[in-house]
Amino acid sequence: MAVREYNPAEIEKKWQDIWEKEGVFRASSEDKTKPKYYALIEFPYPSGEGLHVGHPRSYTALDIIARKRRMEGYNVLYPIGYDAFGLPTENYAIKHKIHPKIVTEKNIARFRQQLKSLGFSFDWSREVNTSDPSYYKWTQWIFLKLFEKGLAYKAEIPINWCTSCKIGLANEEVVGGVCERCGGEVVRKVKSQWMLRITAYAQRLIDDLDLVDYMEKIKIQQRNWIGRSEGAEVLFSITGTDKKLSVFTTRPDTLFGATYMVLSPEHPLLDEEKDRIENWDEVQRYRELAAKKSEFERTEIAKEKTGVPLQGLTAINPATGKEIPIWISDYVLMSYGTGAIMAVPGHDTRDWEFAKKFGLPIVEVVAGGDVTKEAFVDTETGTMVNSGFLNGLQVLEAIEKMIAWLEEKGLGKAKVNYKLRDWVFSRQHYWGEPIPLVYCEKCGWVPVPEDQLPVTLPDVENYVPNEEGESPLANLSEWVNTTCPACGGPAKRETDTMPNWAGSSWYFLRYCDPHNDNEFANLEELNYWTPVDWYNGGMEHTTLHLLYSRFWHKFLYDLGCVPTPEPYMKRTSHGMILGENHEKMSKSRGNVINPDDIINEVGADAFRVYEMFIGAFDQAIPWSQQGLKGCRRFLDRVWRLQDIVVDGDGYSPKFETAMHRTIKKVSEDYERMKFNTAVAAMMTLTNDIHNAGSITRGEMRTLLMLLNPVAPHITEEMWQNLGFPGTIYRQKWPTWDEAKTVEDMVEVAVQVNGKLRGVVNVARGASQEEAKAVVMEHEAVQRALLGKNVVKEIYITDRIYSIVVK
RNA sequence: GCCGGGGUGUUGGAAUAGGUAGACAAUGGGGACUUAAAAUCCCUUGGGUCGUGAGGCCCGUGCGGGUUCGAGUCCCGCCCCCGGCACCA
């Protein structure tokens with residue numbers, strides 16, 4: 001029977017309508033007897049450009065997992081939503097004078113339509129939108145809880161100021177000295193900012209990585225970012241005062257070699273001791289210069305060390321009792337440790353460079369190198385010298401002994417430091433969640449009462465921040481001026497809004513109970529659905545977004561609002577899809593592929609197959625229009641299998657092994673995210689069946705089920721055409737019999753002196769004698785053995801027969 | 001500089017308890033069908049070399065060594081690319 005042509009446009013629409021009408025992919029909150037499975041993808045930012053071909057890579061991958069899990073009997077939650085606050089929308093609104101809310105709605109509508117046309121099995125009834133007041137009400141609520149617990153505070157600190165966006169950026173948002181999103185210049189500017197005390201959770205954020213199954217490199221990135229280091233805090237006396245200068249060092253063993261100290265230009269001691277500093281003018285000039293430099297200039301470019309000595313101010317090395325000079329230099333950062341260091345030029349590269357440049361003494365306290373040539377920093381091999389009671393010890397022993405000594409003398413203590421800094425949580429922009437606090441002259445910062453949440457964004461005329469860098473909300477005196485919830489007196493609202501990261505830090509919780517008006521999500525729902533079983537997203541979010549959402553989750557866990565300390569049990573990341581020219585896809589490079597065009601050209605199923613077949617899932621891969629067509633040809637071949645179907649519910653003897661093998665290969669490869677080889681296995685099977693000329697109904701049935709998660713429309717259509725009962729999404733995932741995945745006869749390679757000389761067929765599990773009999777009959781092998789003495793024979797059952805001759 | 005991950009045909013990539021390198025695609029070449037084209041199908045497609053032919057031989061997984069009957073896979077020493085961190089004391 002010849003079937004009609006494969007027409008994706010027609011059948012894809014048909015099945016999408018059926019799925020929508022029957023609500024087949026809704027996660028059931030009623031039937032909690034089944035085991036649950038929560039598959040999560042990073043929700044998209046609904047940009048004006050529409051869907052990117054990168055989005056479906058992640059969405060198809062977890063759609064495969066979600067569809068397979070349903071067939072395995074799980075109650076699956078695979079939700080979708082929109083991370084809808086953000087700068088591009090605001091910039092578009094400014095340019096076109098359209099309210100960002102309207103822009104967002106339009107963009108979301110487009111995204112939704114595009115996502116639906118790809119046939120993802122999302123539970124559309126749980127869609128969330130972070131810019132919807134019913135959603136951000138709870139983002140504000142969580143912020144207030146943080147505020148209540150003292151984890152949100154306002155600080156007057158130098159921040160990274162993007163001169164182009166006119167907003168403050170977190171350190172994490174400054175990449176290579178420029179703004180992460182716009183590429184604009186970033187300078188340091190002092191501003192009063194809301195901060196979140198993520199540093200309070202630093203250790204737990206490291207420790208609890210042991211509880212989760214993340215790709216190893218993601219764990220490494222998390223640890224790297226938090227940057228824990230162990231050492232000691234040491235107090236140095238300042239001559240002529242009763243003040244102590246505290247420093248952090250990871251090498252307390254080298255204290256005897258500390259020949260000078262360096263303060264950060266921002267160190268408060270400078271102003272405190274201004275009167276003693278004889279060269280104040282010079283110091284002041286240096287400080288001004290440093291303040292002007294951007295973080296980029298201060299860190300990245302600074303090859304040559306600069307600095308100024310503080311004349312009239314010296315310190316005492318507590319180990320040697322000697323008087324040592326104090327300098328200021330911008331290589332010491334106020335934001336790490338104590339903002340001051342003890343300099344050990346013999347054993348620290350930076351200090352060595354500084355000492356060389358300014359002629360400061362270099363003392364060797366760890367023998368093993370040549371400190372006149374370079375700093376000796378090895379901690380494995382050195383032996384302590386010139387260090388009093390430490391002499392003769394190894395570095396690690398000396399560290400311990402020195403800390404004990406410092407603690408005994410009250411001169412210092414063991415200390416752990418983290419590179420992680422608190423999270424700058426204020427943005428001076430319109431299109432974000434308003435921070436729900438008011439400032440009262442009498443009461444200070446007062447939270448907006450819970451029953452008044454959400455504090456909604458008022459309509460404004462103009463979305464541009466003013467020159468002071470204040471949010472456009474600051475211009476609305478009617479909105480800003482309010483009454484204090486505590487005393488009823490006059491008060492002003494906070495006009496800063498929250499950063500993008502806010503709404504995305506907890507959205508996966510809202511999916512569990514998206515329409516709840518009384519709480520962000522009901523605990524019973526969370527008990528069932530969380531934690532997320534598998535979270536896939538872009539490599540670019542594996543540091544910050546992951547860290548922030550883990551932090552919020554831990555905080556909510558401490559409040560008893562969520563049942564687990566970690567939000568995501570498993571996290572994987574996919575690689576980027578590049579343009580055909582191997583460059584990053586962008587409008588300016590003119591290499592952007594539009595998903596709508598692809599669907600029109602080859603259909604959503606072929607698109608999905610291609611995105612999975614394109615290459616290793618975690619690697620960046622260039623798009624190939626030719627490769628795409630190859631995947632369409634594959635589906636055409638699958639479709640034509642309908643012409644050669646023959647009766648038979650089971651597998652034909654000829655294909656029995658192949659069927660069991662393919663089921664195993666595909667099932668396992670899906671789980672390991674080796675989607676490319678899973679598709680290749682199905683291609684091989686399809687090719688072999690075409691070559692054989694017929695396929696039994698039983699074989700067809702299995703193949704359709706295996707392929708369904710990748711290409712759901714064509715497989716459902718064929719299932720129906722062939723009169724199989726029901727629909728694939730209600731079937732049980734096929735199983736394989738391990739014993740049937742191997743052939744009765746196996747090929748064994750024959751090597752002579754390591755070179756392949758032939759291949760023989762023997763019964764599986766054949767003994768060496770049986771194998772040898774066949775091997776020795778092989779013509780090429782005989783030739784290779786001619787006139788030689790066999791020295792050794794090695795036989796690995798079912799694999800290789802290796803002969804060594806002389 | 002430190003920490004990860006990699007270098008395999010013309011291209012995307014397969015293959016790691018060491019055991020037939022190049023699965024599956026894509027490109028290129030040849031052929032069938034067609035008035036023709038598209039589509040489809042078949043053969044071929046790492047390099048070199050010998051042979052009329054069937055077929056054989058040599059080389060080949062970034063480079064140089066090593067271990068082994070046997071190395072893309074393990075060990076030592078390099079080179080290069082990608083990602084993360086980076087004056088973090």
Side-chain angles (χ1 to χ4, degrees), chain A residues 5 215-225 227-229 231 247-251 254 258 262 264 298-303 305 329-333 335-344 347-351 353-354 377 417-421 539-540 542-543 573 575-576 580 582 609-610 613-616 618-631 633-634 636-637 640 674 676-687 690-691 747-760 779-780 783 791-796 798-805:
Chain A
E5 284 271 293
M215 289 195 324
E216 197 50 36
K217 73 159 146 187
I218 298 175
K219 286 192 184 183
I220 290 166
Q221 275 181 35
Q222 295 268 304
R223 289 197 193 98
N224 220 331
W225 191 265
R228 177 192 159 100
S229 61
V247 302
F248 173 70
T249 177
T250 53
R251 297 291 305 277
T254 62
V262 186
S264 162
R298 261 186 78 164
T299 58
E300 214 82 7
I301 289 177
K303 300 160 203 133
K305 299 256 182 304
S329 173
D330 61 8
Y331 84 87
V332 174
L333 308 174
S335 49
Y336 183 76
T338 62
I341 62 156
M342 65 179 211
V344 185
H347 308 283
D348 181 283
T349 311
R350 296 151 300 178
D351 298 342
E353 285 168 12
F354 193 82
V377 297
N417 246 322
Y418 302 90
K419 283 197 280 187
L420 182 71
R421 288 159 207 188
M539 209 62 219
E540 67 274 21
T542 48
T543 317
S573 295
M576 237 188 317
E580 292 211 76
H582 292 55
V609 171
Y610 178 60
F613 185 66
I614 188 166
D618 59 348
Q619 256 148 56
I621 296 291
W623 182 265
S624 159
Q625 203 64 20
Q626 287 302 331
L628 172 72
K629 288 196 184 121
C631 290
R633 279 200 278 272
F634 164 58
D636 284 326
R637 277 200 302 282
R640 283 198 305 275
K674 308 269 285 177
N676 53 339
T677 49
V679 171
M682 291 185 283
M683 286 175 168
T684 305
L685 182 65
T686 304
N687 291 345
H690 267 294
N691 289 336
E747 285 189 336
V748 170
V750 185
Q751 290 182 350
V752 178
N753 281 354
K755 292 216 167 81
L756 183 72
R757 293 300 162 181
V759 176
V760 295
E779 197 215 339
R783 212 178 321 125
V791 181
K792 195 175 177 186
E793 287 170 71
I794 296 137
Y795 173 59
I796 308 291
D798 298 346
R799 295 199 136 159
I800 206 147
Y801 200 102
S802 186
I803 305 168
V804 189
V805 297

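Sequence lines set the chain letters: A, B, ... in the order given, protein chains first and strands last, and positions in each chain run from 1.
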*Asks:* Check whether any side-chain heavy atom of A:Ile218 sits under 4.5 Å from a side-chain heavy atom of A:Gln221, and report yes or no.
*Replies:* no
*Asks:* Would you mind classifying the nucleic acid contact of A:Lys629 as base, sugar-phosphate or nothing, using non-hydrogen atoms under 4.0 angstrom?
*Replies:* nothing
*Asks:* Could you tell me which nucleotide pairs with B:U73 by Watson-Crick or G-U wobble geometry, both distances under 3.5 Å, or answer none if nothing does?
*Replies:* none
*Asks:* Rounding to a whole Å, what distance do you find between A:Asn224:CG and B:C85:C1'?
*Replies:* 5 Å
*Asks:* Does atom CD of A:Glu779 have more than 12 heavy-atom neighbours, drawn from other residues, nucleotides or ligands, at distances under 6.0 Å?
*Replies:* no
*Asks:* Which nucleotide sits closest to the side chain of A:Phe248: B:C88, B:C69, B:A89?
*Replies:* B:A89
*Asks:* Separation of A:Leu420 atom CG from B:A86 atom C1', in whole Å?
*Replies:* 16 Å
*Asks:* Could one point to a donor on the side chain of A:Arg350 or the base of B:C88 with an acceptor on the other under 3.5 Å away?
*Replies:* no
*Asks:* So, does A:His347 use its side chain to make a donor-acceptor pair with the main chain of A:Thr254 at under 3.5 Å?
*Replies:* no
*Asks:* Remember a base hit wins even if backbone is also touched, and classify A:Arg228 as base, sugar-phosphate or nothing at under 4.0 Å, heavy atoms.
*Replies:* nothing
*Asks:* For B:G1, which nucleotide in any strand shown is its Watson-Crick or wobble partner with both distances under 3.5 Å?
*Replies:* B:C85
*Asks:* Taking any heavy-atom pair under 4.0 Å as a contact, classify A:Gly630: base, sugar-phosphate, or nothing.
*Replies:* sugar-phosphate
*Asks:* How many angstroms lie between NZ in A:Lys792 and CG in A:Asn753, if you round to the nearest 0.5 Å?
*Replies:* 12.0 Å
*Asks:* Counting N and O atoms only, with roles assigned by atom type, does the side chain of A:Asp348 sit under 3.5 Å from a partner on the main chain of A:Ala343, one being a donor and the other an acceptor?
*Replies:* no
*Asks:* Please round to the nearest 0.5 Å and tell me the distance separating atom CG of A:Asn417 and atom CZ of A:Phe248.
*Replies:* 4.5 Å
*Asks:* Among residues at least two apart in sequence or on other chains, which ones pass side-chain hydrogen bond (donor to acceptor under 3.5 Å, both in side chains) with A:Tyr795?
*Replies:* none
*Asks:* Does the pair A:Ile341 and A:Asp351 meet the rule for a side-chain contact (heavy atoms from CB on, under 4.5 Å), with working shown?
*Replies:* CA-CA 10 Å; A:Ile341 62 156; A:Asp351 298 342; 3.5 Å; yes
*Asks:* Just call it for A:Ser229: base, sugar-phosphate, or nothing, with non-hydrogen atoms closer than 4.0 Å on any strand.
*Replies:* sugar-phosphate
*Asks:* Which distance, rounded to the nearest 0.5 Å, do you find between the CG of A:Leu628 and the CZ of A:Phe613?
*Replies:* 12.0 Å
*Asks:* Find every protein N or O atom lying less than 3.5 Å from an N or O atom of nucleotides 27-33 of chain B, and list the pairs.
*Replies:*
| from | atom 1 | to | atom 2 | distance (Å) |
| --- | --- | --- | --- | --- |
| B:U27 | OP1 | A:Gln626 | OE1 | 2.1 |

*Asks:* Send over the distance from A:His690 NE2 to B:A25 P, rounded to a whole Å.
*Replies:* 12 Å
*Asks:* Between B:C41 and A:Arg640, is there an OP1 or OP2 to side-chain N/O distance shorter than 4.0 Å?
*Replies:* yes
*Asks:* At under 4.0 Å between heavy atoms, what does A:Asp798 touch on the DNA or RNA strands: base, sugar-phosphate, or nothing?
*Replies:* nothing
*Asks:* Measure the spacing between CE of A:Met215 and CD1 of A:Ile220 and express it to the nearest 0.5 Å.
*Replies:* 10.5 Å
*Asks:* Any donor-acceptor pair, under 3.5 Å, between the side chain of A:Lys305 and the base of B:C87, if you only look at N and O atoms?
*Replies:* yes
*Asks:* Can you tell me the distance, in whole Å, between the CG atom of A:Leu685 and the P atom of B:A25?
*Replies:* 12 Å
*Asks:* Short question: side chain of A:Glu580, backbone of A:Gln625 - any donor-acceptor pair under 3.5 Å?
*Replies:* yes
*Asks:* Can you work out whether A:Glu216 or A:Lys419 has the more 5'-proximal nearest nucleotide on RNA chain B?
*Replies:* A:Glu216
*Asks:* From CG of A:Asp636 over to P of B:A38, roughly how many Å is that when rounded to an integer?
*Replies:* 17 Å
*Asks:* I'd like the P distance from B:G7 over to B:G72, given in whole Å.
*Replies:* 14 Å
*Asks:* If you measure from the C1' atom in B:C43 to the same atom in B:G4, how many Å do you get, rounded?
*Replies:* 46 Å
*Asks:* Between B:U11 and B:G28, how far apart are the two C1' atoms, rounded to whole Å?
*Replies:* 11 Å
*Asks:* For B:U45 and B:G53, measure between their P atoms and round to the nearest Å.
*Replies:* 16 Å
*Asks:* Tell me whether A:Tyr801 contacts the main-chain N or O of A:Glu793 through its side chain, where contact means a donor paired with an acceptor under 3.5 Å.
*Replies:* no
*Asks:* Would you mind reading off the distance between A:Tyr418 atom OH and B:C88 atom P, rounded to a whole angstrom?
*Replies:* 19 Å
*Asks:* Return a single string for nucleotides 50-55 of chain B, one symbol per nucleotide in 5' to 3' order, where B is base contact, S is sugar-phosphate-only contact and - is none, cutoff 4.0 angstrom on heavy atoms.
*Replies:* ------
*Asks:* What residues, two or more places apart in sequence or in another chain, satisfy ring-ring contact (aromatic ring centres under 6.0 Å, His included) together with A:Phe354?
*Replies:* A:Tyr260, A:Trp327, A:Tyr331, A:Phe358
*Asks:* Expressed in whole Å, how much space separates the C1' atoms belonging to B:C33 and B:A39?
*Replies:* 11 Å
*Asks:* Please report the distance, rounded to the nearest Å, between CD in A:Glu540 and P in B:C85.
*Replies:* 12 Å
*Asks:* Say we look at B:G13 and B:A21: how far apart would their C1' atoms be, to the nearest angstrom?
*Replies:* 13 Å
*Asks:* Which protein N or O atoms sit under 3.5 Å from an N or O of nucleotides 81-83 of chain B?
*Replies:*
none

*Asks:* Output the rounded distance in Å from CD1 (A:Ile220) to C1' (B:C3).
*Replies:* 7 Å
*Asks:* Could you measure between the two P atoms, the one in B:U44 and the one in B:A23, and give it in whole Å?
*Replies:* 12 Å
*Asks:* Is the shortest side-chain heavy-atom distance between A:Glu540 and A:Met576 below 4.5 Å?
*Replies:* no
*Asks:* I need the A:Ile621 CD1 to A:His582 NE2 distance, nearest 0.5 Å.
*Replies:* 9.0 Å
*Asks:* Could you work out the separation of B:G9 and B:A26 based on their C1' atoms and round it to a whole Å?
*Replies:* 13 Å
*Asks:* Determine yes or no for a side-chain-to-main-chain donor-acceptor pair under 3.5 angstrom, with A:Gln751 supplying the side chain and A:Val804 the backbone.
*Replies:* no
*Asks:* Once each nucleotide of nucleotides 11-24 of chain B is scored for protein heavy atoms under 4.0 Å, what B/S/- sequence comes out, 5' to 3'?
*Replies:* -BSSS---BB--BB
